[in-house]
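Structure record follows, encoded as structure tokens.
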Amino acid sequence: MGTKGREILKERGINVEELVKILNKAFADEWLAYYQYWIGAKVAKGIPREAVVAELTQHAADELRHAGMVADRIIQLGGIPLLEPKQWEINTNCGYESPRDPDVRTLLDQNIKGEQCAITVYKKLIDYTKDKDPVTCDIALKILEDELEHEEDLEAIKEDIKIMCK
Ligand code: FE
Ligand code: FE
Ligand code: MG
């Protein structure tokens, strides 16, 4: 994005530097979510292990794709995506939950919590950019749709477990 593009966003009430900071926090979240899913899928134990591993692996791929979408927008806005992994921990909204307990039920609960946080983050970003920066708003909406689906998928597996254990 050039000088004029930034000027237009400014006229619409968007502080580009602040927006880049918000996007970098979401970027940190996406990387941590990616790793939480990815490593969770590797260490998962319990029943139904295969269904959980398949879902976590698919979600990991989605989170990595989200990181790419957010990074591309940061760069378009003239910003720099966080360059150091250690900055992910510092900038994250939603944090990282280690799969120290590899039980599939614990992993599901941890990841559901993460998705609920992500949903809040993208809803806020939509509110922040609505009618002001339609490009960022559209990216946030696309990601929000995925996060809503992730939450639903994990909750559905949790329900299946309940039914199985009865
Ligand atoms: Fe995501
Ligand atoms: Fe997600
Ligand atoms: Mg899914």
Side-chain angles (χ1 to χ4, degrees), residues 19-77 79-85 87-99 102-130 133-164:
L19 178 58
V20 165
K21 268 187 201 157
I22 293 169
L23 287 169
N24 255 323
K25 288 173 75 65
F27 179 69
D29 290 333
E30 294 295 354
W31 270 106
L32 293 175
Y34 161 70
Y35 191 67
Q36 190 175 311
Y37 274 123
W38 188 90
I39 196 69
K42 295 294 178 201
V43 299
K45 279 183 184 157
I47 298 168
R49 186 178 166 278
E50 274 178 42
V52 171
V53 168
E55 202 65 54
L56 300 191
T57 303
Q58 185 203 81
H59 289 193
D62 287 340
E63 309 306 1
L64 190 57
R65 185 169 47 79
H66 295 163
M69 291 163 74
V70 175
D72 288 343
R73 186 58 184 154
I74 289 169
I75 292 165
Q76 281 171 3
L77 290 164
I80 302 166
L82 300 176
L83 298 176
E84 318 280 341
Q87 292 178 305
W88 300 341
E89 287 272 0
I90 298 164
N91 288 276
T92 179
N93 302 290
C94 300
Y96 175 80
E97 295 228 47
S98 159
D103 187 305
V104 289
R105 290 165 298 186
T106 309
L107 299 183
L108 288 171
D109 283 339
Q110 288 174 331
N111 287 312
I112 288 168
K113 211 175 120 199
E115 292 300 343
Q116 288 169 347
C117 179
I119 289 164
T120 306
V121 166
Y122 287 106
K123 274 182 104 173
K124 273 191 200 158
L125 182 56
I126 289 165
D127 288 342
Y128 187 81
T129 53
K130 203 173 165 42
D133 176 0
V135 177
T136 302
C137 192
D138 192 52
I139 291 165
L141 189 62
K142 284 201 180 92
I143 297 177
L144 176 65
E145 282 169 6
D146 288 343
E147 311 302 17
L148 288 166
E149 195 190 304
H150 289 169
E151 185 204 30
E152 198 183 331
D153 291 348
L154 299 176
E155 284 180 346
I157 299 179
K158 228 184 125 174
E159 277 304 304
D160 289 348
I161 291 175
K162 268 191 215 160
I163 291 161
M164 282 197 323

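Values below: all heavy atoms of this structure, side chains included; hydrogens, waters and symmetry mates excluded. Ligands are counted one by one from 1 in listed order, and the atoms in each one are counted from 1 as well. Every value quoted in this text rests on a predicted model; they were computed, and no experiment measured them.
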*To the nearest 0.5 Å, how far apart are CG in D133 and OH in Y128?*
9.5 Å
*Give the minimum heavy-atom separation between A60 and W38, together with the two atoms involved.*
CB-N, 3.9 Å
*Just checking, any donor-acceptor pair under 3.5 angstrom between side chains of E151 and Q116?*
yes
*Between H59 and E55, is any side-chain donor less than 3.5 angstrom from a side-chain acceptor?*
yes
*Any N, O or S atom of E151 closer than 2.8 Å to the Fe ion (ligand 2)*: no
*What distance separates N93 CG from L32 CG, expressed to the nearest 0.5 Å?*
10.5 Å
*asked:* Could you go through E63 and H150, starting from their C-alpha distance and side-chain angles, then the distance that decides it, and tell me whether this counts as side-chain contact (heavy atoms from CB on, under 4.5 Å)?
replied: CA-CA 10 Å; E63 309 306 1; H150 289 169; 3.1 Å; yes
*So how far is it from I74 CD1 to L19 CG, rounded to the nearest 0.5 Å?*
9.0 Å
*So does R65 pair up with D62, basic N to acidic O under 4.0 Å?*
yes
*Measure the spacing between CD of E152 and CD of E155 and express it to the nearest 0.5 Å.*
8.0 Å
*Charged N to carboxylate O below 4.0 Å: is that the case for D127 and K123?*
no
*the Fe ion (ligand 1): which protein N, O or S atoms are under 2.8 Å away?*
E30 OE1, E30 OE2, E63 OE1, H66 ND1, E147 OE2
*Take the Mg ion (ligand 3) and tell me which protein N, O or S atoms are nearer than 2.8 Å.*
E55 OE2, Q58 OE1, H59 NE2, D153 OD2
